[in-house]
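So the structure is just underneath, and the comments pick up after that.
Just the heavy atoms: all of them, side chains too, but no hydrogens, waters or symmetry mates, feed the values below. Naming: A, B, ... by sequence-line order, numbering from 1 per chain.
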Amino acid sequence: MRLIINGEEHHVDVSSLEEVVSHFELEPHLVVTEVDGNIIERTNWSGTELKEGMRIELVQFVGGG
Amino acid sequence: MRLIINGEEHHVDVSSLEEVVSHFELEPHLVVTEVDGNIIERTNWSGTELKEGMRIELVQFVGGG
Amino acid sequence: MRLIINGEEHHVDVSSLEEVVSHFELEPHLVVTEVDGNIIERTNWSGTELKEGMRIELVQFVGGG
Amino acid sequence: MRLIINGEEHHVDVSSLEEVVSHFELEPHLVVTEVDGNIIERTNWSGTELKEGMRIELVQFVGGG
Amino acid sequence: MKQKKLTIAGKELSSRFFLGTGRYPNPFVQNEAIKASEAEVLTFAIRRVNLGAPNEDAILQHLEGMSFTYLPNTSGAKTAEEAIRIARLAKASGLSDWIKVEISVDEKTLLPDPIETLKATEVLAKEGFVVLPYTSDDPVLCKRLEEAGAAAVMPGGAPIGTGLGILNPYNLELIIEQANVPIIVDAGLGSAMDVAQAMELGADGVLMNTPVAKAKDPVKMARAMKYAIEAGRLSYEAGRIPKKKYATASSGFQAFVSK
Amino acid sequence: MKQKKLTIAGKELSSRFFLGTGRYPNPFVQNEAIKASEAEVLTFAIRRVNLGAPNEDAILQHLEGMSFTYLPNTSGAKTAEEAIRIARLAKASGLSDWIKVEISVDEKTLLPDPIETLKATEVLAKEGFVVLPYTSDDPVLCKRLEEAGAAAVMPGGAPIGTGLGILNPYNLELIIEQANVPIIVDAGLGSAMDVAQAMELGADGVLMNTPVAKAKDPVKMARAMKYAIEAGRLSYEAGRIPKKKYATASSGFQAFVSK
Amino acid sequence: MKQKKLTIAGKELSSRFFLGTGRYPNPFVQNEAIKASEAEVLTFAIRRVNLGAPNEDAILQHLEGMSFTYLPNTSGAKTAEEAIRIARLAKASGLSDWIKVEISVDEKTLLPDPIETLKATEVLAKEGFVVLPYTSDDPVLCKRLEEAGAAAVMPGGAPIGTGLGILNPYNLELIIEQANVPIIVDAGLGSAMDVAQAMELGADGVLMNTPVAKAKDPVKMARAMKYAIEAGRLSYEAGRIPKKKYATASSGFQAFVSK
Amino acid sequence: MKQKKLTIAGKELSSRFFLGTGRYPNPFVQNEAIKASEAEVLTFAIRRVNLGAPNEDAILQHLEGMSFTYLPNTSGAKTAEEAIRIARLAKASGLSDWIKVEISVDEKTLLPDPIETLKATEVLAKEGFVVLPYTSDDPVLCKRLEEAGAAAVMPGGAPIGTGLGILNPYNLELIIEQANVPIIVDAGLGSAMDVAQAMELGADGVLMNTPVAKAKDPVKMARAMKYAIEAGRLSYEAGRIPKKKYATASSGFQAFVSK
């Protein structure tokens with residue numbers, strides 16, 4: 001399915017947000033997710049079904065001052 | 001008539017704003033007036049009738065930085 | 001005998017520099033002595049005979065920066 | 001004759017200091033002269049005879065702070 | 001080599017010195033100081049007439065016959081609303097539509113409130129005032145004031161009347177670099193050196209009151225400050241030498257006089 | 001209110017600006033700058049004539065027709081002995097018996113040698129020179145130079161040509177407080193602000209070369225510095241306001257315009 | 001004589017050193033520097049995962065096993081709205097409800113926007129965040145941020161990463177005097193001296209990143225800064241001597257050794 | 001990464017802190033402060049015994065049991081001759097052959113006399129003393145003192161006891177650059193910041209008395225200064241970031257979180 005992830009178009013074979021995170025092999029406890037502007041708690045990742053063209057943000061803590 | 005002029009109660013025998021200014025012997029071209037919060041142009045002083053208890057401000061330029 | 005000690009005249013019954021030091025109950029290892037402008041080592045105190053009117057300096061370390 | 005002028009050897013056909021100054025076309029009133037370490041006043045230039053190997057300094061005011 | 005004049009809201013000014021009119025020993029000294037300063041813009045405060053002695057504070061009567069650009073301020077205002085009201089009163093005098101927005105809450109520091117100052121500037125500029133806000137030296141705030149319609153921006157060197165000079169020359173330089181309107185250094189200056197510094201940093205002008213009015217000799221100090229502005233501006237235009245760590249001789253090393 | 005004039009060795013000077021004559025782009029600009037500065041005392045170095053092109057450096061020919069007090073320096077001297085020799089050569093020119101003692105060993109900093117400078121000052125003063133030693137800002141040394149017969153003492157603000165300004169205003173103030181002869185700040189100044197600062201600290205004059213000669217526009221900078229000296233001196237005489245930690249309003253708080 | 005600990009939002013901190021986690025040569029040096037600093041609060045930025053190399057920037061994995069208070073920042077935000085969004089994302093990580101509000105429009109100076117910073121602080125404090133806004137050193141603005149619910153206020157000494165130190169110690173001192181919440185000096189410091197100065201002015205702590213991360217030896221510099229904070233704080237508590245114009249001998253003048 | 005130790009005249013010192021022993025509230029506080037400072041070199045003055053109360057000032061008796069390097073000074077001397085005499089008396093105590101040459105004529109400033117200080121240093125170094133002259137920050141003079149045989153040179157930051165800090169960091173840096181012997185900053189420092197600054201400029205150590213002895217809490221201040229020296233030295237070794245005019249972000253700009 002076509003998703004806009006971190007601003008770029010991706011075609012990935014996933015159905016839930018949880019699968020997106022594992023698709024990219026992200027450390028679940030280090031990543032924060034947003035779907036169409038709404039933050040999704042980790043506990044709801046599996047329950048969050050994705051639809052064609054949804055905008056997903058995957059963010060994390062990086063070095064900063 | 002009883003007027004609140006510059007925050008203090010005054011009993012003066014005047015009917016127009018123009019008479020207030022002359023009552024206190026103020027230089028008309030140096031004073032600016034406000035009646036109940038509305039600025040009154042000099043040209044309208046004579047036409048501005050006063051009523052019991054009105055709040056009048058008489059202000060001017062003073063030294064400042 | 002009359003001695004000028006630290007700039008003041010003193011009349012003391014002593015014959016050697018050693019006796020001066022003990023007369024004033026000074027800690028021998030903390031005091032440095034000069035007689036008529038010449039420094040006298042501790043080892044020579046007993047052997048240093050004094051004469052009328054000699055100028056003696058008794059100095060020590062004090063707090064300083 | 002051989003002269004050391006301003007540290008360099010020169011062979012010039014002169015007999016007096018005055019001739020040295022004119023030889024180099026210097027403004028007499030702007031130059032100061034020294035012969036073998038002795039300053040020579042302008043008034044004495046003509047009277048100052050030179051000998052083989054004398055050390056002459058010709059100096060002037062230049063821009064400075 | 002001739003100096004470009006300072007222009008605010010289309011008005012070309014013959015002097016870069018803005019002079020305050022408070023705290024002089026007496027009106028005579030004040031007028032002499034004003035003359036000596038050659039200032040063209042004078043600042044004032046707006047206050048209630050003292051009905052007991054109406055003419056006592058009526059400063060303008062002393063200035064009659066001379067021609068100036070009047071810059072009334074909103075001192076005493078603690079909010080944008082109060083400042084706006086004072087501005088309108090000042091304008092109603094018919095003497096000037098210029099206004100120095102000055103809004104302070106803290107009477108100990110008299111430092112300007114950034115939020116209220118920005119609000120008042122926005123409103124008054126829209127109403128057609130020529131607005132010169134007195135502000136902190138926060139470069140972002142100064143930019144915001146320009147965008148809000150300020151005709152010139154007036155960052156303080158230090159709190160009013162302290163004479164501490166330019167506490168943060170770095171910020172002032174940044175403000176000047178970024179500005180598209182004149183920058184007038186207002187408040188806190190104390191000496192001719194402070195004034196020269198402000199002008200050499202590229203300020204377009206300087207507004208002073210206390211350092212002149214409270215000097216032992218206000219008239220002479222007014223003249224001093226006039227020259228300091230001239231000196232600083234000329235130096236800014238003439239282009240100073242760069243600072244270097246090590247020395248450079250004024251004359252060559254060659255041709256030394258030595259055996 | 002009129003200014004007392006600076007007097008050195010009995011000579012009353014109309015200007016407190018001492019100007020150097022090195023490093024200008026060309027003789028024309030130099031002369032224009034000298035005129036703009038209104039300086040009365042000019043400094044020079046003494047060098048060997050370049051016999052190949054004798055008139056090339058002959059600076060004096062450019063100044064003919066104008067009248068100045070000439071202050072030759074002993075730059076290039078590394079010892080008192082060398083400085084004394086150069087001083088005598090300078091005097092033999094018949095142009096001046098004033099001499100700026102300048103003795104530096106380190107070509108990187110050109111800082112004056114305190115011991116040799118004191119020696120040379122002593123000898124030359126005894127010989128009847130009007131001695132103005134260039135010195136560090138060591139207050140004890142400056143006092144010693146005065147006692148040795150210096151007609152004026154010239155502490156540096158910073159190393160020659162650096163433009164770093166007055167590195168130690170505290171010392172300069174101390175030197176001025178203690179002095180019984182004029183104090184001329186020599187070397188290291190870069191800006192009009194530096195000059196105003198020196199004069200406000202109470203200096204009797206300023207000697208500059210590089211900041212004028214190497215400015216982008218030397219003539220305009222000469223004018224800037226002239227005004228800065230004027231400004232600083234007037235401010236010093238007018239008596240600046242004290243510095244305060246907290247603010248003081250320019251108008252009373254009473255009679256505010258507010259509901 | 002024991003030091004009172006710094007407490008923010010009820011959390012007692014064992015160290016007054018807040019350390020940033022950006023720009024270190026590598027994760028090993030970073031961890032060594034963090035250990036050497038003994039900092040308890042670490043700052044972070046929030047960025048999109050690089051899907052190409054997801055673990056590359058995942059700084060937290062390097063810190064596992066150690067326990068810190070995480071202070072994510074909103075860097076990259078140009079408006080209050082963007083900052084609020086980043087803050088919520090940071091909180092959703094479950095790692096911390098502390099947030100450093102950092103909103104800059106100008107990428108050249110990275111100076112904080114006073115208006116947007118105040119807005120974001122207000123909203124986030126109401127939402128229950130522990131808000132530490134990075135702000136200019138405008139004393140009025142700092143007071144406003146406190147009133148808006150900031151748990152601590154973090155004025156910058158100079159622009160981020162410049163190492164210029166505390167450009168305006170006067171303002172910082174004023175901010176500290178007026179504050180009822182901790183004042184943490186954030187940004188612009190470069191040296192141990194700067195840190196000691198901040199702490200001697202009474203700051204409650206210091207936040208640094210570049211000066212440690214970009215030092216030639218970051219681990220040693222982390223230790224240096226730790227000691228500088230300790231030194232400045234102890235000196236502040238110990239009560240320094242007043243500054244005097246003239247000297248005072250360390251020993252009496254009486255009883256000199258002299259004939 | 002371990003620090004090189006300071007070595008003077010072949011003696012390796014475990015601390016870079018030289019502490020004075022004058023002006024403490026009482027001997028107990030003094031000893032606690034000395035312990036807290038971890039100083040290894042202590043300075044003293046030489047005075048006549050008060051024959052009325054001989055033990056009153058006998059400071060050494062309070063220090064028995066601890067081991068230090070004693071650095072007596074020649075304070076009170078107005079000439080080289082007097083200083084040399086005091087030095088010889090100090091040496092005759094058998095406690096130390098180290099001597100701090102301190103020669104001041106002016107009791108208001110207590111500034112060192114450059115000429116007499118140089119003379120005394122020369123003579124005493126020849127006699128085999130380990131000479132540490134207290135001097136002004138004149139870089140040429142400091143070099144001369146080194147050439148005269150000083151084991152370390154001790155320029156003052158400001159006059160004794162003023163707490164004004166390092167009045168001329170530029171000179172101090174120059175002195176350190178040029179030195180082949182240790183440079184100890186002596187006199188005038190007041191705060192931990194001043195100490196950190198001295199050490200970051202590359203000073204090899206710091207000598208203090210009044211700032212510790214007259215602090216409200218001398219023991220705590222001694223600890224503060226110890227840490228400040230440590231902080232400054234570590235920072236000097238760690239290599240600080242360069243100062244820049246404009247900002248640098250702690251995190252990349254790419255990958256911002258924004259739609």
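Counting heavy-atom pairs closer than 4.5 Å to chain F, the top-ranked of the candidates Asp113(H), Leu111(H), Leu118(H) is Asp113(H). Of all the listed residues (Ser104(H), Pro169(H), Pro159(H)), the one sharing the greatest number of non-hydrogen pairs under 4.5 Å with chain F is Pro159(H).
A distance of 6.5 Å separates CG of Asn171(F) from CG of Leu167(H), quoted to the nearest 0.5 Å. The CG atom of Asp106(F) sits 7.5 Å away from the CG atom of Leu174(H) when rounded to the nearest 0.5 Å. To the nearest 0.5 Å, atoms OH (Tyr170(F)) and CG (Asn168(H)) are separated by 13.5 Å.
Atom OH of Tyr236(H) sits in a sparse spot, with 12 or fewer heavy atoms from other residues, nucleotides or ligands closer than 6.0 Å. More than 12 heavy atoms of other residues, nucleotides or ligands lie within 6.0 Å of CD in Glu177(H), so this atom counts as buried by the packing criterion. With a 6.0 Å radius and a threshold of 12 heavy atoms from other residues, nucleotides or ligands, Lys216(H) has its NZ atom at or below the threshold.
Residues of residues 135-147 of chain F having a heavy atom under 4.5 Å from any heavy atom of chain H, listed by number: Ser136(F), Asp137(F), Asp138(F), Pro139(F), Val140(F), Leu141(F), Arg144(F). Contacts of residues 126-134 of chain F with chain H at a heavy-atom distance below 4.5 Å are absent; not one residue qualifies.
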